[in-house]
Amino acid sequence: MNIVSGLINGLSLGAIYALIALGYTMVYGIARMLNFAHGDIIMVGAYAIYFAVGISDNPVVSILGSIVFAILICTLMGVITEGLAYRPLRGASPLAVLITAIGVSYFLQGIAQMAFGAKALPITLPNLGTIRLFGTSISVGTIITLILGLILMLALTLFVKYTRTGRAMLAVSEDNGAAQLMGVNVNRIIMLTFAIGSALAAFASLFYLFSIPSVDPKLGSMPGIKAFAAAVIGGIGSIPGAVIGGLLLGLIENVCKTVPGLSQYTLAIEFGILILMLLIRPIGILGKKRRVKV
Amino acid sequence: MALLEVKDLEVYYGVIRALKGISFEVSKGEIVTLIGANGAGKTTIMQSVIGLIPARAGTVIYNGTDITRLPCHKVVGLGMTQVPEGRRVFQELSVHDNLLMGAYSSKDKKQIKKDVERICQWFPRLGERLTQIAGTLSGGEQQMLAMGRAMMSHPDLLMLDEPSMGLSPLLVDEVFEIIQEFRKDGTTILLVEQNAGKSLAISDRAYVLENGRIVLSGTGKELMESEEVKKAYLGG
């Protein structure tokens with residue numbers, strides 16, 4: 001294990017966390033809620049891939065087919081949960097929304113368990129092999145994760161900054177009422193935010209399966225909660241913050257796992273950093289203090 | 001026919017009756033002002049008319065359409081817009097992006113570009129600061145931006161909620177001049193102000209609001225000369 005491969009593996013893992021963290025942070029920024037069911041969308045995506053991956057013996061077709069199917073199912077699931085569970089609670093107390101989100105999380109897990117059983121199902125993704133880079137061998141899946149992950153984050157950033165809809169998202173996140181005065185349909189923007197977040201989660205599902213090729217109903221919990229920590233570390237509500245937080249957490253996790261004697265403390269260290277961040281700078285690395293509105 | 005017709009409007013905050021049956025109208029081409037002290041219900045009227053706060057009773061008719069139960073974004077689509085109290089420009093967006101948000105309902109990019117130029121002619125200061133982040137503008141510049149942003153949508157009815165609040169006397173004069181410019185441009189104006197003197201002077205008609213009720217109405221001139229208004233709002 002040299003530094004380069006450590007860096008690439010860490011950033012690649014971080015890209016997965018960042019993609020999930022983006023979903024948390026965008027939904028928080030725009031709908032002012034913590035969607036704790038977001039991690040379970042990854043589980044939904046993983047099952048989608050489990051069923052779609054066999055459509056072809058050609059590895060490229062198989063991967064492309066399963067990611068498209070996963071995006072479809074995840075987006076649908078994100079929009080449905082928003083419409084059925086969260087929309088009726090618009091304007092309700094944040095605690096009610098939070099509890100609902102936790103409920104949705106268990107609901108999705110329960111449905112998956114009823115449908116596919118509680119046992120982990122092994123999944124055979126096409127073997128993409130490894131390549132030699134800077135004197136070490138690195139799996140192609142890791143490289144794809146890193147590069148595609150960064151491209152997706154860049155695309156999202158450009159979308160938000162330079163399109164009419166993206167501007168509306170920023171506007172809603174800053175001042176919901178003023179955005180309505182501009183003619184923005186806030187419910188539509190919130191739905192779209194859930195759709196985008198869920199589509200990114202579908203990619204995260206595929207990338208996650210590259211490293212751990214098995215599917216179970218609780219698969220989304222741990223990456224979900226870690227990505228949430230990443231979003232908070234980066235500054236919840238901030239898109240670049242989620243990217244930085246995610247990549248940082250991935251690097252730290254990879255270091256913990258490779259340093260002898262440290263690996264069993266990985267989780268403690270990661271969440272320790274979250275606690276430290278909350279003590280030192282509760283708004284996160286790139287978080288902004290919100291103006292208090294009277 | 002009135003462009004905006006509000007009838008017996010009632011709004012509650014919880015159990016508190018903030019508007020106790022408000023009726024007024026604004027005709028095409030007019031400048032109409034609602035004056036009243038803090039807490040009289042001016043902002044509540046503005047937000048309720050445009051659909052940000054639901055009305056408990058009464059009707060709001062705009063251009064012949066009943067908009068009482070219409071959500072805000074649909075009302076805005078009908079050609080009504082508002083410069084809200086406290087300006088509420090998007091602090092984290094650039095001046096240019098704020099103006100583009102004002103044209104959100106339109107997808108005609110050429111027209112939008114022309115409109116940005118038009119706004120910059122009205123407010124040259126904004127033209128010089130298009131790429132600047134709105135949060136870094138001075139209070140006066142933010143007020144200009146809020147007004148420019150509202151005009152991006154070519155409203156038939158522009159509602160302004162306390163546009164002179166927190167501005168220096170010089171800027172207040174500028175704001176009232178621009179409001180008259182807007183009217184000359186064909187925009188009907190509904191103004192809410194605490195600065196009764198300045199706003200009555202430019203108004204065709206005005207209403208005096210007290211505790212959620214309209215207690216007096218008349219032309220701007222009549223109200224300026226009314227003893228009650230002089231005592232309560234014009235400092236004797």
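Within every chain, numbering begins at 1; the chains are lettered A, B, ... in the order of the sequence lines, protein sequences first and strands thereafter.
Within a 6.0 Å radius of OH in Y106(A), no more than 12 heavy atoms belonging to other residues, nucleotides or ligands are found. The 12-atom threshold is exceeded at NZ of K20(B), counting heavy atoms of other residues, nucleotides or ligands nearer than 6.0 Å. With a 6.0 Å radius and a threshold of 12 heavy atoms from other residues, nucleotides or ligands, Y162(A) has its OH atom at or below the threshold. Y12(B) OH: more than 12 foreign heavy atoms inside a 6.0 Å radius. Summarising the local packing, CG of L279(A) is surrounded by more than 12 heavy atoms from other residues, nucleotides or ligands at distances under 6.0 Å. Counting heavy-atom neighbours within 6.0 Å of M77(A) CE, excluding the residue itself, gives a total of 12 or less. Annotation for D185(B): atom CG counts as buried by contact number, over 12 foreign heavy atoms lying within 6.0 Å. Heavy-atom contacts from other residues, nucleotides or ligands closer than 6.0 Å to CZ of R188(A) number 12 or fewer.
Note that CG of D175(A) and CZ of R87(B) are 14.0 Å apart. Values are rounded to the nearest 0.5 Å. Here the OG1-CG distance, from T163(A) to L100(B), works out to 11.0 Å after rounding to the nearest 0.5 Å.
Contact between L52(B) and G177(A) at its shortest, heavy atoms only, is CD2-O, 4.1 Å. Scanning both residues, G183(A) and S105(B), for their nearest heavy atoms gives CA-OG, 4.2 Å. Contact between K161(A) and D97(B) at its shortest, heavy atoms only, is O-OD2, 4.5 Å. Minimum interatomic distance between I189(A) and Y104(B) (heavy atoms only, all atoms of both residues): CD1-OH, 4.2 Å. A pairwise comparison of heavy atoms in V76(B) and Q180(A) identifies CG2-O, 3.7 Å as the closest pair.
Judged by distance alone, the side chain of E174(A) and the main-chain N or O of Q91(B) form a donor-acceptor pair under 3.5 Å.
Side-chain atoms of M182(A) and F90(B), non-hydrogen and from C-beta on, do get closer than 4.5 Å to each other. Counting only heavy atoms from C-beta outward, the side chains of H73(B) and N185(A) approach each other to under 4.5 Å. L170(A) has its side chain out of reach of M101(B): every pair of non-hydrogen atoms, C-beta onward, lies at least 4.5 Å apart.
Interface residue K107(B): only side-chain heavy atoms are found under 4.5 Å from chain A. Looking at S106(B), the atoms closer than 4.5 Å to chain A (heavy atoms on both sides) all sit in the backbone: N, CA, C or O.
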